[in-house]
Amino acid sequence: MGLLTILKRQKQKEREVRLLMLGLDNAGKTTVVKKFNGEEIDTISPTLGFNIKTLEYRGFKLNIWDIGGQTSLRSYWRNYFEQTDGLIWVVDSADRARLQDCKAELQQLLQQERLAGASLLVFANKQDIVGALTAEQIRAELGLDELSATKRHWRIEACSAFTGAGLAAGVDWVVQDIASRIFMHD
Amino acid sequence: MIRRAQGQERARKSEYAAEARKGAFTEQAIETGSSIAIREFESNFAVELRAAQETMTQVEDVEVADAETPNLLDWWQTQLKELHNTVSGAASFLPTATREKLVGQIVSQEALLREQRDRLAPKKKFGFKNRSKVGTSKTTAPADAAVTPAAPPAAAPLPKADTFQAPAGCQGFRGHSGQTLIRDAGEGSASDFALEQLVGCEVRLLTTSTALWIRGLKQCTVFAVPVGGSIYVTECEECTLYLGSRQLRMHTSTKVAFYIHTSSHPIIEHCTGLTFAPYPSPLPITLAGAFADAALKPEQNQWELVDDFDWLKAAQSPNWAVLPEAERQPPAWFTKEGGQAEAAGAAMATSTPLDVRAC
């Protein structure tokens, strides 16, 4: 029995899921995590390194890795790819100026071998802002439909980390999708 | 005898390595924090380390290098390298202290290996060609680069998003100089608006919009009623901008005085000489509904919580400062008698037929 087998069994027992939150700066990654966890979101400042949040959700233990999204930090994202079960890509739907940047970064991530098996949840965040693009528009802008030709499990969910709308629906999907892949022998 | 032992161990190792390689693709499920997994890992590590130490003992027993010695040294090297790989593979769930301890053990072994290599290496003039080749190609590049998550590879550079480009077909004022440009209240507010390449202009945007794109302004004064979405300011110089929005981003600008209202932190990148002050309050009576139109609350203003992405230290960024209260001034036309009436008058006076849609 190899080490990885042991680890996998252990993980199955604890029903633990590792989620990696990425996205451009100011997309609202930290706010999404905090709001989802029921914390205050008034005093969030740009994430310069990363935050790890472990929370219990519907019988699963979620390890959420929230990594800073500034241009200067993006080259470090790769250090967090290992063992990722689900990738949550957060988009600032009101930031139309940087959608191309956002698309390019996401495409680069999806080519990563170490993220090959990860489920992808795209949060079209900041739906509460006037002029925000809808989830459908983001889906088209980011070219997400091209993913359907691959083996990737993906979904886009409109949300507002400010009001909390849509967060649970998105996380529900990603957790269920991962669970059906990893823990199906339970 | 050594050869046989090595052969057995090699077989075991390659089996392990194959399993690990397979695991990289099929087994997503590595424990990320359990102490049981860590203990398991540590005992595994200890076994491998002991194997390396046995090789070390054999090397130490060698008094004079013979034909077998280079192989033995290389084998030791391989063992250490695999230890490195094992640790780096587990880096995601090992506590930092444990990881450092384990890496420390490997590093000290590597130091011993180098010592032994030096001791057993034949003097240069007697050096065999293949010996020196073995020595250089295998001793360099230890795997610690994989352990310290420091140097990211030169990923393909992404296009810089420094210059914000308004979407095609966006209404706006473009390419004017020395004029007063007014977008009066009541014009279509459910779309974006752009200000581009203006020099020495005074701009008043009295209708809200979904987003505001400001690019390439020089020596301009802009007053805009709050907008509901985002404002992008890029490549502006020596301007005074009165802006309000949900979120604000400024790139590549110098010497700009911002009077802003924003319900999130303003973000600046590649900017110098910026000053910040709160959005003028109260607004002239004619603009009383401006905040409500943009669904903003006047009391929620974070104008002074500027985030400079070029300045990660806790100390104040040298790229921006709070404008001292004594130096703050509302737009000149606010204070003049009649306020809005004067604005309307100015629109008449310039009488430049600035059909917004035509720009």
Side-chain angles (χ1 to χ4, degrees), chain A residues 2-14 16 18 24-26 44-46 48 52 54 61 63 65 70-72 74-85 92 94-98 100-102 104-105 108 113-114 116-118 126 128-132 162 178 181-183, chain B residues 15-16 19-20 22-34 36-37 40-41 44 86 89-93 149 152-156 158-161 164-167 190-192 208-211 213 227-230 232 234 246-247 249 264-265 267 269 294-295 305 307 309-310 312:
Chain A
L3 175 61
L4 285 165
T5 321
I6 296 165
L7 294 173
K8 184 171 179 182
R9 295 219 174 127
Q10 179 63 27
K11 183 160 176 167
Q12 277 178 344
K13 213 163 73 195
E14 294 196 0
E16 200 170 299
R18 177 167 156 143
L24 301 190
D25 46 271
N26 204 39
I44 293 171
S45 41
L48 293 183
I52 307 171
T54 303
K61 188 173 164 196
N63 279 321
W65 292 65
Q70 294 173 29
T71 320
S72 54
R74 290 180 206 160
S75 49
Y76 296 94
W77 285 355
R78 56 189 293 279
N79 297 322
Y80 302 89
F81 292 166
E82 221 61 68
Q83 329 307 339
T84 295
D85 300 311
D92 177 351
D95 187 3
R96 282 169 287 158
R98 296 193 302 155
Q100 285 315 304
D101 200 8
C102 179
E105 291 285 1
Q108 214 171 58
E113 205 165 72
R114 285 177 296 163
K126 307 203 189 182
D128 55 303
I129 296 187
V130 183
F162 186 68
I178 293 165
R181 264 191 301 120
I182 299 179
F183 309 119
Chain B
E15 196 179 301
Y16 174 82
E19 193 177 329
K22 194 177 76 199
F25 297 105
T26 59
E27 304 201 28
Q28 293 292 317
I30 276 222
E31 175 59 41
T32 51
S34 157
I36 298 169
E40 192 77 40
F41 177 84
N44 247 299
T86 316
S92 59
F93 66 86
L158 288 158
K160 268 209 160 184
F164 299 124
Q165 194 78 45
S191 57
D192 288 7
T208 187
S209 46
T210 46
W213 305 74
V227 303
S230 312
Y232 304 97
T234 172
R246 276 289 287 273
Q247 45 189 26
R249 251 192 124 94
S264 60
H265 299 191
I267 294 170
E269 274 187 274
L305 302 173
D307 288 324
F309 282 0
D310 297 326
L312 303 180

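Naming: A, B, ... by sequence-line order, numbering from 1 per chain. All values reported here derive from a predicted model rather than from experimental measurement.
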Heavy-atom contact with chain A under 4.5 Å, split by part of B:Asp192
side chain
Would you please name every residue forming a side chain to side chain contact (heavy atoms under 4.5 Å, CB included) with B:Ser230, sequence neighbours left out?
A:Ala94, B:Tyr232, B:Gln247
Taking C-beta and beyond as the side chain, do B:Ile267 and A:Gln70 meet within less than 4.5 Å on heavy atoms?
no
How far does CG of A:Asp101 sit from CZ of B:Phe164, to the nearest 0.5 angstrom?
9.0 Å
Check whether any side-chain heavy atom of A:Val130 sits under 4.5 Å from a side-chain heavy atom of B:Arg246, and report yes or no.
no
With a 4.5 angstrom heavy-atom cut-off, is it the side chain or the backbone of A:Ile129 that approaches chain B, or both, or neither?
both
Does OH in A:Tyr80 sit with more than 12 non-hydrogen atoms of other residues, nucleotides or ligands closer than 6.0 Å?
yes
Does the side chain of B:Phe309 come within less than 4.5 Å of A:Ser72's, by heavy atoms?
no
Looking only at non-hydrogen atoms, find the nearest pair between A:Ile44 and B:His265 and report the distance.
O-CE1, 3.4 Å
Tightest non-hydrogen contact, residues B:Ala211 and A:Arg96, listed as CB-NH2, 3.2 Å
To the nearest 0.5 Å, atom CZ of B:Arg249 lies from atom CG of A:Asp92 at 8.5 Å
